Amino acid sequence: MMGFSIGMEEEKLQEQAIRGVPHKVAADCWFTSTGKMIPRMIKYEDTEGARHLLKDIEVLKSDKKHYAGILMYRYDCRAVVNNRMQNFILCYHPENNTWDMIFPE
């Protein structure tokens, strides 16, 4: 019996686009002794130009993903935003060393 490959490794399967508006953020991360990256704090600017600092970020889940063939690390998180607990997504783009924060729709 012969097997054929479609040329795509399982780990590189394409993901659905994340719904929501991405906001560029600055991130502070901690790296474990095994090389795992964990976001600890982020700074971002809202639509009115006010700057915000989010600390005590709880990472609920993290995954290595491919969106449109581009590698990205996705972190499903929650933290206190505007005096209430809110879920959000942090995306790290290793290709250009940038972070995005997305509040899911």
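We're numbering straight along the sequence, starting at 1. Just so it is clear, the model here is predicted, and its values are computed rather than measured.
Applying the side-chain hydrogen bond (donor to acceptor under 3.5 Å, both in side chains) rule to Asp46 yields the partners His52; only residues at least two apart in sequence or on another chain are considered. With sequence neighbours excluded, no residue forms a side-chain hydrogen bond (donor to acceptor under 3.5 Å, both in side chains) with Arg84.
Leu71 places none of its side-chain heavy atoms less than 4.5 Å from the side chain of Glu95. Looking only at side-chain heavy atoms (C-beta outward), Asn87 and Phe103 stay at 4.5 Å or farther from each other. Using a 4.5 Å heavy-atom cutoff, the side chains of Val81 and Leu54 are in contact. Looking at heavy atoms from C-beta onward, Ile102 lies out of side-chain contact with His23 at the 4.5 angstrom threshold. In this structure the side chain of Ile57 reaches within 4.5 angstrom of the side chain of Ile42, judged on heavy atoms. With contacts defined as side-chain heavy-atom distances shorter than 4.5 Å, the pair Val25/Lys43 does not qualify. Under the 4.5 Å side-chain criterion, counting only non-hydrogen atoms from C-beta, Trp30 is not in contact with Pro39.
Residue Asn96 places its CG atom among more than 12 non-hydrogen atoms of other residues, nucleotides or ligands, all under 6.0 Å distant. Within 6.0 Å of atom NZ in Lys61, 12 or fewer heavy atoms from other residues, nucleotides or ligands are found, so the atom counts as exposed in its surroundings.
The cluster map of Ile, Leu, Val, Met, Phe, Trp and Tyr, joined by side-chain heavy atoms under 4.5 Å apart, puts Tyr73 and Phe31 in the same cluster. Hydrophobic clustering (ILVMFWY, side-chain heavy atoms < 4.5 Å, transitive): Ile89 and Met72 are in one cluster. Note on Leu90 and Ile70: separate hydrophobic clusters, where clusters join Ile, Leu, Val, Met, Phe, Trp and Tyr whose side-chain heavy atoms are under 4.5 Å apart, directly or indirectly.
Scanning all heavy atoms of the two residues, the minimum distance from Tyr44 to Lys24 falls at CB-O, 4.1 Å. Of all the heavy atoms in Met37 and Tyr92, the pair that sits closest is CE-CD2, 3.5 Å. Residues Pro104 and Phe88 share a closest heavy-atom pair of CD-CA, 3.9 Å.
Interatomic distance, CD of Glu58 versus CG of Asp76, reported as 11.5 Å (0.5 Å rounding).
There is a side-chain donor-acceptor pair under 3.5 Å between His93 and Asp100.
Across Cys29, Cys91, Ser62, a single residue satisfies side-chain contact (heavy atoms from CB on, under 4.5 Å) together with Tyr75, and that is Ser62.
A salt bridge links Arg40 with Asp28: the closest approach of a Lys/Arg side-chain nitrogen to an acidic carboxylate oxygen falls below 4.0 angstrom.
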